[in-house]
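Reminder, nothing fancy here: chain letters follow the sequence lines and each chain counts from 1.
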Number of protein chains: 2
Amino acid sequence: MIRNLTEQDKEHLQEALVKSGQKVTPQREAVFTVLLSERDHPTVDEVFNRAREVMPGLSLATVYNCLETFVGCGLVRQVNHERESTRYCPNLAPHAHFRDKETGQVHDIELPPEVMKSLRSILPPGFDSEVIEISFLGRAQAKDTHSN
Amino acid sequence: MIRNLTEQDKEHLQEALVKSGQKVTPQREAVFTVLLSERDHPTVDEVFNRAREVMPGLSLATVYNCLETFVGCGLVRQVNHERESTRYCPNLAPHAHFRDKETGQVHDIELPPEVMKSLRSILPPGFDSEVIEISFLGRAQAKDTHSN
DNA sequence: TAATCAGTTAGAATGAGTCTAATCCGCAAG
DNA sequence: CTTGCGGATTAGACTCATTCTAACTGATTA
Ligand SMILES: [Mn+2]
Ligand SMILES: [Mn+2]
Ligand SMILES: [Zn+2]
Ligand SMILES: [Zn+2]
């Protein structure tokens, strides 16, 4: 189901867009709403299908555009596993991803700062990294029905 | 330049192939040789072009087939960064990958067991992971001309 | 009003990877 | 030797996520 954006969410969206010289549009709001409604790392097609429920005229091209815009202004992260379709994640906290081999579901795994530090410490001198991606592949006992 | 396989390398290849019910062929030897000659994580096309120097009739389809075979029998790893072409890595030791934003070069980063452990420890109960992928994106001061 | 301009849209193009069907070739049975 | 078999190789067709293009929309500005 598609939630409504809280005032906080709207401000977050507006601020990030305006800060990078772009506008809030109905399409961008719809796509952002979809992302925040179910934090299950949807693909572009999944976002497209969910968003059309609430905005039937929306085009796939626009979903690609919105998501690219959001990535550009730091509102969401892209998540890739092997060569599968790119998925999108609005969780801005540092976290890793766990991909369930059976179900395909993607779960967020919290990343404690001390682990980040120990990771950064394995880089030899001369290597400076801005982005670290960590992804697990395995099986998760389904504890609940939502997948975040 | 394309090295020659040592006896050890040949045995390694043969053992892994035979163990999974497949044969050593001239094409597979050529592709494997390319992978061991420069451990720079080549793409399929790069492998193809290098291998053709030594085996001109080789086809791209066969390079795809050989690499898939090697992955299947654990001789090499696939390395993906975002949606770029898949790269191939014959380094079987546990390691992470560092991708240089400027040059595109991929470097191996050794992964000490204690770091692996601390990573595994962040998984909540119920999550069991066989594979962990770690990749850094950033800039590396070019210390040398080879890229491993 | 007219010009401008970001955003949206449909559809074409791209390209890494996969699939298909024909051929090749080493080996073993006759 | 021939022949048959089965895995491997090959060229080319195909797929499909993503990117590109060019026309259109609609709000804002001169
Ligand atoms: Mn959950
Ligand atoms: Mn090096
Ligand atoms: Zn996430
Ligand atoms: Zn590697």
Exercise for the section: Would you kindly say whether A:His97 and A:Asp108 are connected by a side-chain donor-acceptor distance under 3.5 Å? Expected result: yes

Handout entry: Distance-only side-chain donor-acceptor flag, A:Arg83 / B:Thr86, under 3.5 Å
Key =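 Yes, side-chain donor-acceptor contact under 3.5 Å.
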
Between [options], which nucleotide gets closest to the side-chain atoms of [X]?
X	options	result
A:Arg28	D:dA8, C:dG7, C:dG17	C:dG7
A:Arg83	D:dT10, D:dT9, C:dA16	C:dA16
A:Ala61	C:dA10, D:dA17, C:dA16	C:dA10
A:Ser59	D:dA8, C:dG7, C:dT9	C:dT9

For [X], report the nucleic acid contact type (base, sugar-phosphate, nothing); a contact means any heavy atom under 4.0 Å.
X	value
B:Thr62	base
B:Glu84	nothing
A:Thr86	sugar-phosphate
B:Leu58	sugar-phosphate

Roughly, in whole Å, what's the span from [atom1] in [X] to [atom2] in [N]?
X	N	atom1	atom2	answer
B:Phe48	C:dA16	CZ	C1'	14 Å
B:Lys23	D:dA8	NZ	P	6 Å
B:Asp45	C:dG15	CG	P	11 Å
B:Tyr64	D:dT15	OH	C1'	13 Å
B:Glu68	C:dC19	CD	C1'	11 Å
A:Leu13	C:dG7	CG	C1'	14 Å
A:Leu67	C:dG7	CG	P	15 Å
A:Asn65	C:dA10	CG	C1'	12 Å

Are [X] and [Y] within salt-bridge range, i.e. N to O under 4.0 Å?
X	Y	value
A:Arg87	A:Glu46	yes
B:Asp40	B:Arg50	yes
B:Asp9	B:Arg3	yes

Exercise for the section: State whether A:Thr25 places a side-chain N or O below 4.0 Å from either non-bridging phosphate oxygen (OP1 or OP2) of C:dT8. Expected result: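 Indeed, a polar side-chain atom of A:Thr25 lies that close.
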
